[in-house]
Amino acid sequence: MKITFYPYDFEYKVENGKVYVYSYSKLDNGRKVAIKHQHRVFFYASLDNVNQTELKKRLENLTIEKKPLPAKVIGYEEVERELLGKNKSFLKIYANYPQAVPLLAKQLDDWGVECFEKDILFIHRYLRDLDLIPMTEIEAEGEYQGDIFLAETLKQKSKNTCGWKILALDIETYSVKKEIDMVKNPILMIALYGKDFRKVITWKKFSASDPSIDFVEDEKKLLEKVSELIKKYSPEIITGYFSDGFDLPYIKKRVEITKAKFDFELVIRDQARSGEVKINKLLHLDLIKFIKQIFGLDLKVESYSLDNIAEKLLGSKKHIVNLDKLTDVWNNHPEKLEEFCSYNLQDAKLTFELCEKLLADMIEFSVIIGLPLFDITRMRFGRLVESYILKKAIAKNVIAPNRPGDSEVSERMNESIKGAFVYEPTPGLYRDLAVFDFRSLYPTIIISHNIGPEGFHCSCCQDNQVPFHSQFWFCSKKQSFLPSVLKEVIDRRTEVKKQIKLAEQKEKVRLEAKSYALKILANSFYGYLGYYGARWYTLESAASTTAYARYYIRDTITKAEKKGFKVCYADTDSCFLLLGDKQLDEAMTFMRDINGSLPGNMELEFEGFFTRGIFVAIKGSGKSKLLGVPGNSEFSAGTDKGAKKKYALLSSEGKIKITGFETVRRNWSVLAKEVQREVLRLVLEDKVDLAIAYTKSVVKDLKKGNMPLGKLILKTQLTRPLKNYRVLAPHILVAQKMVEQGEPVSSGTLIKYIIVKGSGLIRDRAKLPHEVKEGEYDCDYYINHQLIPAVSSILTVFNYSEEDLFQESSQTGLGKFI
DNA sequence: CCAGGCCGGGG
DNA sequence: GTGTACGGCCTGG
C-alpha cells in the first residue's frame, strides 16, 4: 500500500544485522506514524597507489572487535568519483552498521589507504542519498507492521509542508541570589502554551483567578503532570527559549532526582558544549540558536534575551516581575504567586509566537539543505553551507574532501587574508550623491571567476592571474563544482524573486522565507572558503574573492573619475558619486557602461540618489580650532582623516539613513542619542545654524538642571560576578551599593546610574537613578562625556569647535544663531 | 600586544 | 552519534 507522510524526527536502529531509519512523521489526517526503511552504510577508500588485490583480500577478512557488534566490511564496489576537480577511482565500502565506519576507516588509514566520507552522520547520509526533504510530503510504498509502516520504497512527492502542532514550554525555578543550581533547586512551575492551549502547573497552593493555573502536590507530580499534558496534546514540535541550555536539561535532572515518571526520553548530546537536547520521537526546537546564528543577522540587537527578541520580532514584551522575589514569595507569601504564574505563561506564549513566526523560515532552510530541522536550527553558517554542498555533491558524483584535523585547524586559524577596500572620505557635507553597489558582489565574483579549490592552479590558465596575486589563477575553461553549486543558489533565488512578484499573499510569505534562506546561503560561501573547519577550505579562494572585489571597486572609481564624476566614498561593494553639474541619467549611463564590461553575472546596481551626505573626521584627528570660513555651500574639514563606515545620507524623499554613528550604543544616554540624531537631521537639511542653536539650547537646559533624569541614565552590563572586578568603574560601585541595599546583582545584570554633582572621582559620584534628586546631575559630566562626543565630530565639519558650543565665555559670534 | 579565559541564554 | 561550539570581549602577563 501507499501512504504520504511528513517526517519531523529521525533515528536509526540496527535490527538483525540490518540498519533501519525510523522517520517519525505526521500523516495527512493529523495522526503520527513511524516509517521504517532500510538503508546501506558505506564510505569510500581512495585507490591511488593502492594494491587492490591485497586491499580486497584484507577487507574480506577484516573484523574489528566492538561491543555489541564487531565492525565488518559486508561488500564493496569500484566506482569513479570526482575529488577536488580530479576524476579518480574509489572503492565504495559497505559496513555492517554506522558506528563501524570510523573503526574500519581508521584501520584502512593505518594501512595507508586514504578514506573519505567516513564521518557523515548516517541520517544525513540517508536523506541525501534518497534525496528526501524533512517536513515535506513524501510517499512510501510498503506495509504496516503493527504501528510501524515498513517502507519498501520512498520518494519525494512534493516540497509542500503541512500544518504543525507546536507546544512551547518554560520553567521557573527556586533560586537564591540568582544562583542556578539544578541539583539543589527544584522547579516551581512549568508553563505550556499552544494554539488553544495554555496551562501553568505549580505545586504550591494559593487562590488563583486564572483558570489555566493547575495545582499538584509536589515537584514530582508536577513533572508527571507535564508529561501527561504533553502526551495528551500530542504536538510534533516542542519549543523553548534556551531550552537546550536550561529548561530541558533542568527537567531531565529533576526527573532523575524526584524519580518522576516522565514519558519523554530527553537525550543530552554534547554536554561539553552548551548542549543539545533531543526529545525522542518529537522535534525539539530551541529558538535562540537559530535566531542567534542564522536568522538574527540583520536584527541589530544588543542581546538575544527573550525579552529583547520578542520585542523586536513580535512587538511584545515579557511581563515585568521581580524574579529575585520568587523564592521569597514561594516560601513566605504564596498568595502572591499568581503574578509569577502569569509571567511564566507569558514567556511560554512569546516563545510559542516566535516559533510560529519563524517556522516557515526554519523549514525553508531545511527544504533547501535537506537535513532534519533539529540539526538545521542548531547549525552555524559553516556547517549550513557545507551541508548544502554535500547534498549537491551526490548528483555531481563528487566526493567530499575530509575535514581538517586538529593540527590543520590550528594552522588555518593562524592564517588571514586581506579584506575589502574602503575609500577614505574627506570629512564634509556633500550634495547630490548617486550611490551604486554591486549586487551580491562576493558570490558573483566567485561564480564569474570560477573561484574554488578545484580550478585553482589548473594547468591550462596560468595567464588568468588574480589581481594583486600574480601567483594565483583559476581555470577559465571548465566550471568547477563549488562555483556551480553557488550559481545554482543564485539562480534559484532569482527565480524565487520572480515568483514573489506574481504570488498571492500566502504563498508570498513562504517564497520570502525561501529567498531569505537562499540569500544567507549565497552570502556564506565566501566565508566558507576561509572557514577553518571547511572541507573545501582554500584560503587562496577567499583571498582571490576579496582581491577581485578590491579590483572592481577601484576600477569603478577610476572610470567614474575619468568620466568627470568625483567619488567621495566607497566601501567593499558600493561607490558614492558626486553628480556635480551632471544629471542623474549621466550617472545611470555610466553604470550601464560598467555593466557592459563586467564578466559573468556581476552587476552594478543603482542604490539611490541622495541630496545630502555628511562624512565626519576620525576621532582624535579632528581639529578643535577654527580652520577658516566655509566657502560656499560645501564645507570641508581640509586635512582631517575621514572616518570610514560612518556617514549619514538624506534621500530625495527626505528620509535619513545613518550608518556607523554610535546612536545605538547602550552606554550612551538617551540624551546623547537624541541630540546626535537631531543634529544630523538638521545639518543634512542645511540647517546648520539651527543645529548649533539646538545644541546650545540643550547645553543651556542641562546647565539649568532642567533635563529629565530619564534621559541621563547610563547603563553598563556586568560581564562577570561582582567580586571578580578589581578596577572600580562607576557601574561597579553602583552595583556594590545595590548589593548593600539587598538587591542581588550578578553577571549579566544591567547597572543603571546617573553621575551627580560634587567633587572627587566620577565613580564616587555615580548614583542609582532613584536616589538622584531633580537637577542633582553633573551637567559638566554630561556635556563633556555625552554631548560633546555625540556631536562634535558632526559640527567640526562646519568649522565649529567645541569651545564655540560649550563654553559660555566663547566670543565667536554664535549669538546670531540664538 | 598577545595568549588564554570566560561568556552567552536561562531563574 | 559515521560530529565534539564559537566568536567576541576582557584580562593579566
Side-chain angles (χ1 to χ4, degrees), chain A residues 10-12 14 19 41-44 71 93 95-106 115-126 170-182 184-189 240-250 267-276 278 286-289 291-293 301-309 318 321-327 330 340 343-344 347 351 375 378-383 386-387 400 402-403 406 409 413-414 527 531-533 717-721 724-727 729 744 746-748:
Chain A
F10 306 86
E11 68 175 331
Y12 74 81
V14 184
V19 185
V41 178
F42 64 87
F43 64 104
Y44 296 98
I93 299 173
N96 53 345
Y97 66 105
Q99 293 184 345
V101 171
L103 302 171
L104 299 169
K106 174 144 194 339
C115 296
F116 293 90
E117 304 198 0
K118 57 196 174 182
D119 57 356
I120 310 274
L121 297 184
F122 184 64
I123 295 297
H124 294 188
R125 166 108 269 162
Y126 169 79
D170 184 60
I171 70 171
E172 307 299 332
T173 68
Y174 195 92
S175 173
V176 180
K177 294 198 175 172
K178 297 177 192 244
E179 224 175 30
I180 286 169
D181 185 331
M182 42 193 213
K184 265 199 325 214
N185 298 327
I187 298 174
L188 304 182
M189 53 185 73
Y241 201 84
F242 197 54
S243 40
D244 268 345
F246 183 71
D247 303 73
L248 291 185
Y250 213 118
V267 184
I268 302 186
R269 294 179 178 175
D270 291 316
Q271 230 166 349
R273 308 197 227 149
S274 95
E276 299 171 356
K278 223 175 115 44
D286 181 352
L287 299 178
I288 196 172
K289 277 188 183 141
I291 293 172
K292 210 166 155 182
Q293 291 160 191
V301 285
E302 49 201 32
S303 143
Y304 288 96
S305 64
L306 176 59
D307 199 33
N308 236 343
I309 294 299
K318 285 169 71 125
V321 154
N322 189 351
L323 255 197
D324 303 334
K325 301 237 163 76
L326 170 57
T327 294
W330 179 269
F340 292 94
Y343 170 88
N344 191 198
D347 276 13
T351 307
D375 302 270
R378 289 166 175 79
M379 282 180 182
R380 306 243 160 144
F381 291 105
R383 296 280 172 251
E386 190 157 276
S387 301
N402 283 324
R403 281 218 190 129
D406 287 349
V409 165
M413 293 218 269
N414 289 325
Y531 163 56
Y532 55 77
Q717 194 171 28
L718 293 184
T719 54
R720 54 210 142 108
N724 292 12
Y725 283 91
R726 293 232 195 118
V727 181
S746 70
S747 183

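Since we're looking at a predicted model, the values are computed, not measured. In what follows, every chain begins at residue 1, and chains take the letters A, B, ... in the order their sequences are listed.
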Would you call A/Asp286-A/Arg378 a salt bridge at under 4.0 Å N-O?
no

Heavy-atom closest pair, residues A/Asn322 and A/Phe340
O-CE2, 3.6 Å

Interatomic distance, A/Gln293 CD vs B/dG8 C1' [rounded to whole Å]:
11 Å

Please tabulate, one pair per line, each protein N/O and nucleotide N/O from nucleotides 6-8 of chain C that are separated by under 3.5 Å, including the distance.
unit_1 : atom_1 : unit_2   : atom_2 : d
C/dC6  : OP1    : A/Tyr531 : OH     : 3.3
C/dC6  : O4'    : A/Arg380 : NH1    : 2.5

Is A/Ile171 touching bases, backbone alone, or none of the nucleic acid, heavy atoms closer than 4.0 Å?
sugar-phosphate

Value in whole Å for how far the C1' atom of C/dT4 lies from CZ of A/Arg378:
15 Å

Which pair of heavy atoms, one from A/Gly275 and one from A/Asp244, lies closest together, and at what distance?
O-CB, 3.4 Å

What nucleotide among B/dG9, B/dG10, C/dT2 has an atom nearest to a side-chain atom of A/Leu306?
B/dG10

Short side-chain N/O contact from A/Tyr126 to OP1 or OP2 of C/dT2, under 4.0 Å:
no

Could you walk me through whether A/Tyr304 and A/Tyr241 pass the side-chain contact (heavy atoms from CB on, under 4.5 Å) check?
CA-CA 10 Å; A/Tyr304 288 96; A/Tyr241 201 84; 4.2 Å; yes

Nucleotide of C/dG1, C/dT4, C/dT2 approaching A/Arg125 most closely (side-chain heavy atoms)
C/dT2

Would you indicate which nucleotide in B/dG9, C/dG3, B/dG11 comes nearest to any side-chain atom of A/Ser305?
B/dG9

Sticking with atom P, work out how far C/dG1 lies from C/dA5, rounded to a whole angstrom.
13 Å

Could you tell me whether a side-chain N or O of A/Asn402 sits under 3.5 Å from a main-chain N or O of A/Cys115, the two making a donor and an acceptor?
yes

Take atom C1' in C/dG7 and the same atom in B/dG9, then report the distance between them in whole Å.
15 Å

Could you tell me which residues satisfy ring-ring contact (aromatic ring centres under 6.0 Å, His included) with A/Phe43, sequence neighbours excluded, listed by chain and number?
none

Which part of the nucleic acid, if any, lies within reach of A/Tyr174 when heavy atoms closer than 4.0 Å are counted: base, sugar-phosphate only, or nothing?
nothing

Could you check which of C/dT2, C/dG1, B/dG11 has an atom nearest any side-chain atom of A/Asp347?
B/dG11

Which listed nucleotide (C/dT2, B/dG9, B/dG11) is nearest to the side chain of A/Lys318?
B/dG11

Between C1' of B/dC7 and CZ of A/Phe242, the distance in whole Å:
10 Å

Just call it for A/Asp170: base, sugar-phosphate, or nothing, with non-hydrogen atoms closer than 4.0 Å on any strand.
sugar-phosphate

Just N and O in the side chain of A/Lys289: are any of them under 4.0 Å from OP1 or OP2 of B/dG10?
no

With sequence neighbours excluded, residues passing salt bridge (charged side-chain N to carboxylate O under 4.0 Å, His left out) with A/Glu386
A/Arg383, A/Arg403, A/Arg535

Atom CG of A/Asp375 and atom P of C/dG1 are separated, to the nearest Å, by 7 Å

Residues two or more places apart in sequence or in another chain: which of them pass salt bridge (charged side-chain N to carboxylate O under 4.0 Å, His left out) with A/Arg380?
none

Of the listed nucleotides C/dT2, C/dG3, B/dG11, the one nearest the side chain of A/Glu172
B/dG11

Write down the distance between NZ (A/Lys178) and P (B/dG10), rounded to a whole number of angstrom.
12 Å

With no hydrogens and no angle check, is any side-chain donor or acceptor of A/Asn185 less than 3.5 Å from a backbone partner on A/Thr173?
no

For a quick check of understanding: with a heavy-atom distance under 4.0 Å over all strands, which category does A/Ile288 fall into, base, sugar-phosphate or nothing?
sugar-phosphate

Taking the minimum atom-to-atom distance to the side chain of A/Arg403, which one of C/dT4, B/dG10, B/dG8 wins?
C/dT4

What class does the angle between the rings of A/Phe122 and A/Tyr126 fall in, given that below 30° is parallel, 30 to 60° is tilted and above 60° is perpendicular?
tilted

Tell me: OH of A/Tyr304 to C1' of B/dG8, nearest whole Å?
11 Å

Measure from the side-chain heavy atoms of A/Val41 and tell me the nearest of B/dG8, C/dG3, C/dT2.
C/dT2

A/Ile291 CD1 - B/dG8 C1' separation (whole Å)
14 Å

Determine the contact category for A/Phe122: base if any of its heavy atoms lies under 4.0 Å from a base atom, sugar-phosphate if only primed atoms, P, OP1 or OP2 are that close, otherwise nothing.
base

Between B/dG11 and A/Asp324, counting only base atoms on the nucleotide and side-chain atoms on the residue, is there a donor-acceptor pair under 3.5 Å?
yes

What's A/Pro98 touching, base or sugar-phosphate or nothing? Going by heavy atoms closer than 4.0 Å.
base

Check the interface with nucleotides 2-4 of chain B: list each N/O to N/O pair with the protein under 3.5 Å, or write none.
none

Excluding sequence neighbours, so at least two apart, what forms ring-ring contact (aromatic ring centres under 6.0 Å, His included) with A/Tyr531?
none

Round to a whole Å and report the spacing from NZ of A/Lys292 to C1' of B/dC7.
9 Å

